[in-house]
Amino acid sequence: MKAFPVLALAACCSVVTGSAAAAGWYGGVAAGRSNVGLRSGDWDDGTLTNMAIENESFAYKVTAGYRFTPYVGGELSYLHFGDTKFSAYEPGAMPSIWQTGNVFGRARAKGMSLTGVLFLPYRDRFALFARGGVFVWDTTMFSRPTLAGGTLALSDEQTLHDDGISLIYGAGVDLRVYRRWHVRAEWEHTTVRFASTMNRGVDFPSLGVTLDF
């Protein structure tokens, strides 16, 4: 989250010179490693031991955008933040939602964002930009093996779904490298909820390419 004020300060201090990029449609893809702020305790019912969690995961997004002016645009994006992975051991010493032995969990977040984008172009190749808007998200938590359904089958996997709308914002740099092709480096932040109770932040630094149509 420290990247946003740094980029905003750089944008305010930049001097805009030369010609700016033309208005029109563009599209692109980006990928990176997202960090979803789940914690080991989000899975623990008070009985687990040897807990481990991996919050970082491969993430990607696909974007369609329109630049109304050289300085103002809008984007619609699909974002997939990958899977957060959890593992632990259930000793079976007291009543638990988990079966005795090794247990596992996964959490997944994805959705659609609609954002306004402010560009600060420098000459005709380089631009700083900042975005803000809404993120319509869907999350799922998978866990196994559990006692769900009253069975002890090791293949049991319980799933908990949630959905909602959150704010999303970010900042980045855009560099036109060849004719209509651009390279982007960007950071975005939003929040999502898991299992109707846990609000967690998501950070998504990415590197991508866009094409002007």
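We count residues from 1, following the sequence as given.
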Peer 1: Any side-chain donor paired with an acceptor under 3.5 Å for D203 and W187?
Peer 2: yes
Peer 1: Could you tell me which residues satisfy side chain to side chain donor-acceptor pair (under 3.5 Å) with T63, sequence neighbours excluded, listed by chain and number?
Peer 2: S77
Peer 1: Please name all residues satisfying side-chain contact (heavy atoms from CB on, under 4.5 Å) with L118, sequence neighbours left out, ordered by chain then number.
Peer 2: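 Scan of L118 (side-chain contact (heavy atoms from CB on, under 4.5 Å), adjacent residues dropped) gives V72.
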Peer 1: What residues form a ring-ring contact (aromatic ring centres under 6.0 Å, His included) with F86, not counting sequence neighbours?
Peer 2: W43
Peer 1: Should L120 and Y122 count as side-chain neighbours, where that means a heavy-atom distance under 4.5 Å?
Peer 2: no
Peer 1: Report yes or no: does S166 contribute a side-chain atom to a donor-acceptor pair with the main-chain N or O of T190 at less than 3.5 Å?
Peer 2: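 Side chain of S166 to backbone of T190: no pair is present.
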Peer 1: If hydrophobic clusters are built from ILVMFWY residues whose side chains come within less than 4.5 Å, do I53 and V103 share one?
Peer 2: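 Yes, one cluster joins them.
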Peer 1: Under 4.5 Å between any side-chain heavy atoms of R176 and W181, yes or no?
Peer 2: no
Peer 1: If you count heavy atoms of other groups shown closer than 6.0 angstrom to NZ of K85, is the number above 12?
Peer 2: no
Peer 1: Tell me yes or no: between the side chains of E90 and T47, is some donor less than 3.5 Å from an acceptor?
Peer 2: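 Side chains of E90 and T47: pair found under 3.5 Å.
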Peer 1: Any chain of hydrophobic side-chain contacts (each under 4.5 Å) joining V62 to L76?
Peer 2: no
Peer 1: Please step through side-chain contact (heavy atoms from CB on, under 4.5 Å) for the pair R144 and R106, ending with a clear verdict.
Peer 2: CA-CA 9 Å; R144 65 179 176 87; R106 290 180 295 127; over 6 Å; no
Peer 1: With side chains defined as the heavy atoms from C-beta onward, is the minimum distance between P70 and F119 less than 4.5 Å?
Peer 2: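 Not touching, per the 4.5 Å side-chain cut-off.
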Peer 1: Using side-chain contact (heavy atoms from CB on, under 4.5 Å), reason through M141 and Q158 one step at a time and then give a plain yes or no.
Peer 2: CA-CA 8 Å; M141 294 185 78; Q158 184 178 14; over 6 Å; no
Peer 1: Give the cluster check for L48 versus F104: same hydrophobic cluster or not, with ILVMFWY residues linked at side-chain heavy-atom distances below 4.5 Å.
Peer 2: no
Peer 1: Applying side chain to side chain donor-acceptor pair (under 3.5 Å), name anything that partners R184, two or more places apart in sequence or on another chain.
Peer 2: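 So R184 forms a side chain to side chain donor-acceptor pair (under 3.5 Å) with E75, D174.
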Peer 1: Would you say R123's side chain and F126's backbone share a donor-acceptor pair under 3.5 angstrom?
Peer 2: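 Checking the backbone N and O of F126 against the side chain of R123, no donor-acceptor pair under 3.5 Å is found.
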Peer 1: Partners of V134 by side-chain contact (heavy atoms from CB on, under 4.5 Å), sequence neighbours excluded?
Peer 2: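 Partners of V134 under the side-chain contact (heavy atoms from CB on, under 4.5 Å) test: L114, I165.
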Peer 1: Is the backbone N or O of A23 less than 3.5 Å from a side-chain atom of R67, with the two atoms forming a donor-acceptor pair by type?
Peer 2: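 Pair absent, no side-chain N/O of R67 close to backbone of A23.
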Peer 1: Could you walk me through whether N55 and L38 satisfy the side-chain contact (heavy atoms from CB on, under 4.5 Å) test, starting with their C-alpha distance in whole Å, then the side-chain angles of each, then the deciding distance to 0.1 Å, before giving a yes or no?
Peer 2: CA-CA 7 Å; N55 280 331; L38 282 169; 4.0 Å; yes
Peer 1: Listed by chain and number, what are the side-chain contact (heavy atoms from CB on, under 4.5 Å) partners of T140, not counting sequence neighbours?
Peer 2: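 So T140 forms a side-chain contact (heavy atoms from CB on, under 4.5 Å) with D138, F142, T159, H161.
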Peer 1: Are any of the side-chain heavy atoms of M51 and Y89 separated by less than 4.5 Å?
Peer 2: no
Peer 1: Treating Ile, Leu, Val, Met, Phe, Trp and Tyr as nodes and any side-chain heavy-atom pair under 4.5 angstrom as an edge, say whether Y60 and V192 lie in one connected cluster.
Peer 2: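 Not linked; separate clusters.
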Peer 1: Who passes ring-ring contact (aromatic ring centres under 6.0 Å, His included) against W25, sequence neighbours left out?
Peer 2: Y66
Peer 1: Give a yes or no on whether the backbone of F135 and the side-chain of S113 come within a donor-acceptor separation of less than 3.5 Å.
Peer 2: no
Peer 1: Donor-acceptor pair, T115 side chain versus G132 backbone, under 3.5 Å?
Peer 2: no
Peer 1: For residues 39-50, pull every pair meeting salt bridge (charged side-chain N to carboxylate O under 4.0 Å, His left out), keeping only residues two or more places apart or in separate chains.
Peer 2: D42-R200
Peer 1: Let me check something: do L175 and L207 share a hydrophobic cluster, defined by ILVMFWY side-chain heavy atoms less than 4.5 Å apart, either directly or through other members?
Peer 2: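 Both belong to a single hydrophobic cluster.
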Peer 1: Once side-chain contact (heavy atoms from CB on, under 4.5 Å) is applied, do any residues pair with A64, and if so which ones, sequence neighbours excluded?
Peer 2: none
Peer 1: Would you check, one step at a time, whether the test side-chain contact (heavy atoms from CB on, under 4.5 Å) holds for L79 with K110?
Peer 2: CA-CA 6 Å; L79 298 97; K110 60 185 185 298; over 6 Å; no
Peer 1: Could you tell me which residues satisfy side chain to side chain donor-acceptor pair (under 3.5 Å) with R193, sequence neighbours excluded, listed by chain and number?
Peer 2: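 With neighbours one apart ignored, the set is D162.
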Peer 1: Under the ring-ring contact (aromatic ring centres under 6.0 Å, His included) definition, can you give me all pairs with a residue in residues 193-213, not counting sequence neighbours?
Peer 2: F81-F204
Peer 1: Answer yes or no: is there a side-chain heavy-atom contact under 4.5 Å between W98 and S143?
Peer 2: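 Touching, per the 4.5 Å side-chain cut-off.
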Peer 1: Quick check against the 3.5 Å criterion: does H182 have a side-chain atom that pairs as donor or acceptor with the backbone of L211?
Peer 2: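 No, H182 side chain to L211 backbone: no donor-acceptor pair under 3.5 Å.
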Peer 1: Return the set of residues passing side chain to side chain donor-acceptor pair (under 3.5 Å) with N35 (not counting sequence neighbours), or none when no residue passes.
Peer 2: none
